[in-house]
Protein chains: 2
Amino acid sequence: MGGDNAPRIVVRGADIARERYPDARFLFFGDKARIEPLVTRSRRLQGATDIRHTDEIVAADDKPSQALRRGRRSSMRLAIDAVAEGAAAGAVSAGNTGALMAMSKVVLKTLPGIDRPAIASFFPTQRGESVMLDLGANVECDANNLVQFAVMGAAFARTVLGVQTPTVGLLNVGEEDLKGNDTVKLAAQLLRDTTLPLAFEGFIEGDDIAGGTTDVIVTDGFTGNVALKTAEGTAKLYSTFLRRAFQKSPMSRLGYLLAKGAMSTLRERVDPRHYNGGVFLGLNGISVKSHGGTDGIGFATAIGLAIDMAADNLTGRITQDFKRFGSFDEPQAQAAVS
Amino acid sequence: MGGDNAPRIVVRGADIARERYPDARFLFFGDKARIEPLVTRSRRLQGATDIRHTDEIVAADDKPSQALRRGRRSSMRLAIDAVAEGAAAGAVSAGNTGALMAMSKVVLKTLPGIDRPAIASFFPTQRGESVMLDLGANVECDANNLVQFAVMGAAFARTVLGVQTPTVGLLNVGEEDLKGNDTVKLAAQLLRDTTLPLAFEGFIEGDDIAGGTTDVIVTDGFTGNVALKTAEGTAKLYSTFLRRAFQKSPMSRLGYLLAKGAMSTLRERVDPRHYNGGVFLGLNGISVKSHGGTDGIGFATAIGLAIDMAADNLTGRITQDFKRFGSFDEPQAQAAVS
């Protein structure tokens with residue numbers, strides 16, 4: 001029931017996702033009277049869905065604490081409960097981000113060895129696609145948090161990018177060892193010293209994000225959130241300038257008509273709907289946040305992420321990684337951080 | 001002598017700047033044997049330049065401490081000395097950023113009331129142009145630093161954007177009061193409570209940078225540096241995608257030919273040379289860092305910034321602002337920060 005156009009885009013997203021994942025089955029939580037007619041209209045969803053009615057919803061402006069206290073019968077909460085109970089392999093919501101994060105944490109619990117879950121996402125770069133985390137769950141992070149993000153991000157990159165040993169970069173203001181604050185310096189040292197299921201490439205800078213220098217970009221939730229939104233804003237600005245340039249003269253308008261097909265390829269390439277889905281990593285269960293303003297195509301991308309993560313047993317793999325490579329959690333690292 | 005193509009682009013930059021500022025005069029510091037023939041070739045620079053010879057230079061990989069100790073006769077140091085002595089209204093260099101910052105701080109000194117100087121720059125947005133600081137001078141900042149950046153950034157915006165009461169936003173991970181870390185929350189409170197020569201608009205997010213929501217964007221040097229470089233990397237990515245799209249088919253290539261003029265307008269609009277120049281704010285004198293890889297056109301932009309700041313008496317205005325609006329530096333703020 002969350003987001004700007006629920007439940008329409010949610011059911012539409014499931015319909016589109018069924019094309020790519022013909023075995024997928026869906027549990028819809030929310031207003032049955034509104035969901036059922038939408039489901040009935042979809043041929044692809046016949047026999048593959050179950051609707052669990054509830055009147056309650058989490059509002060877009062509910063505080064996470066409010067949602068936790070008062071939203072126990074909300075559609076969002078019931079969807080996450082279904083994951084905890086094993087009735088669903090993952091939850092996908094376009095609703096209130098803070099509430100979804102708080103509920104997912106409380107219901108699904110954090111995996112052993114992980115202090116704080118993080119939000120990760122993937123996006124297009126000069127060299128394919130990359131994954132970045134944390135995108136806003138933790139505005140303050142210590143070195144151990146960043147190291148844990150590196151391990152979780154690498155596991156997510158193996159699933160979503162299909163690379164065996166993902167390269168990982170730590171976002172900083174320069175590439176030299178001396179650059180940055182104490183937190184990133186210590187995190188880099190821990191990542192260099194420890195055997196982890198990833199290839200640590202050291203510090204990277206802001207332009208390496210779109211540059212695709214590494215498969216995984218690790219940073220705190222403050223910097224990551226600002227960087228992600230800065231990239232979105234810059235892409236939008238560039239589109240505006242491009243549109244204005246094409247409108248400049250009759251000649252350029254004709255040029256636009258001829259290049260229209262190419263321009264739609266470009267739009268397709270940077271279409272945020274193909275990269276929709278913020279994944280909560282570090283929880284004992286799969287929970288994905290879709291952009292609130294997306295459409296069916298975008299929601300289908302978020303569903304696809306949840307299905308891929310479930311099929312790859314990402315939660316189990318992160319747990320294993322943390323068991324096998326837990327050495328960064330040893331006392332000397334803890335002492336160095338404090 | 002600094003940057004990739006000195007002294008050629010430096011003299012060329014002065015030549016171009018003289019067209020816009022016919023009264024400007026230049027002191028060149030460096031290898032006279034290389035500078036003199038370049039100056040002689042420029043008709044516009046005749047009678048408007050003076051060359052001060054020195055053999056010493058600051059290398060691109062010199063550490064700031066090294067440059068300070070061993071570079072007392074370097075071209076960079078002599079240029080900054082000339083500002084301190086009143087022989088020049090401002091120094092412009094395409095050389096080593098860390099060394100330029102360290103030397104500028106030691107030689108020019110920080111203005112009264114300012115704890116730490118910051119690097120500011122301006123760039124194109126959806127609504128014109130905006131100014132952002134700090135872009136990397138201070139990787140860790142407290143709330144008072146951010147408030148001081150707001151005052152200095154507003155003064156710079158008055159000069160470079162020509163607005164009387166610049167709007168100022170504090171970069172954060174959300175717009176609501178509850179969002180962010182303690183530092184930005186306290187800084188917002190101080191900016192709200194104090195009478196300052198600026199219009200404080202509260203928290204803004206990463207997409208507000210290119211969106212042009214406020215004239216001035218205030219943030220710490222870590223986040224600011226990452227955001228600036230993220231925007232640069234994203235713009236470059238978008239250009240790559242655009243180029244590839246135009247090469248897609250004979251039709252789109254023809255479209256490109258027709259829209260070529262419009263595309264060059266677009267390139268012009270986002271041309272980094274028109275926004276070249278990182279300004280060190282908070283010092284008792286003007287010092288501007290040009291991008292090391294720029295050309296004459298870009299270096300002329302950096303020179304123009306220095307001239308505009310000198311003509312506007314920016315240093316004096318910042319000093320006055322801090323005298324008149326020093327209330328945020330009072331004990332209660334200090335206590336709240338610690």
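A, B, ... follow the sequence lines: proteins, then strands. Residue 1 opens every chain. Quantities reported herein were computed from a predicted structural model and do not represent experimental measurements.
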As an exercise, state the distance from [atom1] of [X] to [atom2] of [Y], rounded to the nearest 0.5 Å.
X	Y	atom1	atom2	result
Phe246(A)	Leu258(B)	CZ	CG	10.5 Å
Asn225(B)	Thr223(A)	CG	OG1	10.5 Å
Thr265(B)	Leu242(A)	OG1	CG	11.5 Å
Leu257(B)	Leu254(A)	CG	CG	11.5 Å
Leu237(B)	Ile209(A)	CG	CD1	11.5 Å
Thr240(B)	Arg269(A)	OG1	CZ	10.5 Å

Between [X] and chain B, with a heavy-atom cut-off of 4.5 Å, which part of the residue counts as in contact: side chain, backbone, both or neither?
X	result
Arg253(A)	neither
Thr125(A)	backbone
Asn172(A)	both
Lys260(A)	neither

Next on the checklist: Let's test your reading of the structure: which of Val139(B), Asn181(B), Asp220(B), Val173(B) forms the most heavy-atom pairs below 4.5 Å with chain A?
Outcome noted: Val173(B)
Item to check | Residue, of Gly98(B), Ser239(B), Gly174(B), Ser264(B), that accumulates the most heavy atom pairs under 4.5 Å with chain A | outcome: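 Going by pairs under 4.5 Å, I would pick Ser239(B).
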What heavy-atom pair brings [X] and [Y] nearest, and what distance separates the two atoms?
X	Y	answer
Gly233(A)	Ala210(B)	O-CB, 3.4 Å
Ala227(B)	Thr230(A)	O-CG2, 3.4 Å
Leu266(A)	Phe241(B)	CD1-CB, 3.2 Å
Phe222(B)	Leu171(A)	CZ-O, 3.5 Å
Leu178(B)	Lys63(A)	CD1-CE, 3.7 Å
Ala245(B)	Met263(A)	CB-CE, 4.3 Å

Checklist entry - By a 4.5 Å heavy-atom criterion (distance strictly below it), what part of Gln126(B) contacts chain A: side chain, backbone, both, or neither? => result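 Its backbone and side chain both get close to chain A.
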Item to check | Val270(B) versus chain A, the contacting section by heavy-atom distance below 4.5 Å | outcome: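 Only the side chain of Val270(B) comes within 4.5 Å of chain A.
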Item to check | All salt bridge (Lys or Arg N to Asp or Glu O under 4.0 Å) counterparts of Asp177(B), not counting sequence neighbours | outcome: Arg192(B)
Checklist entry - Using a cut-off of under 4.5 Å for heavy-atom pairs, which of Gly221(A), Ser249(A), Gly212(A), Ala235(A) has the most such pairs with chain B? => result Ala235(A)
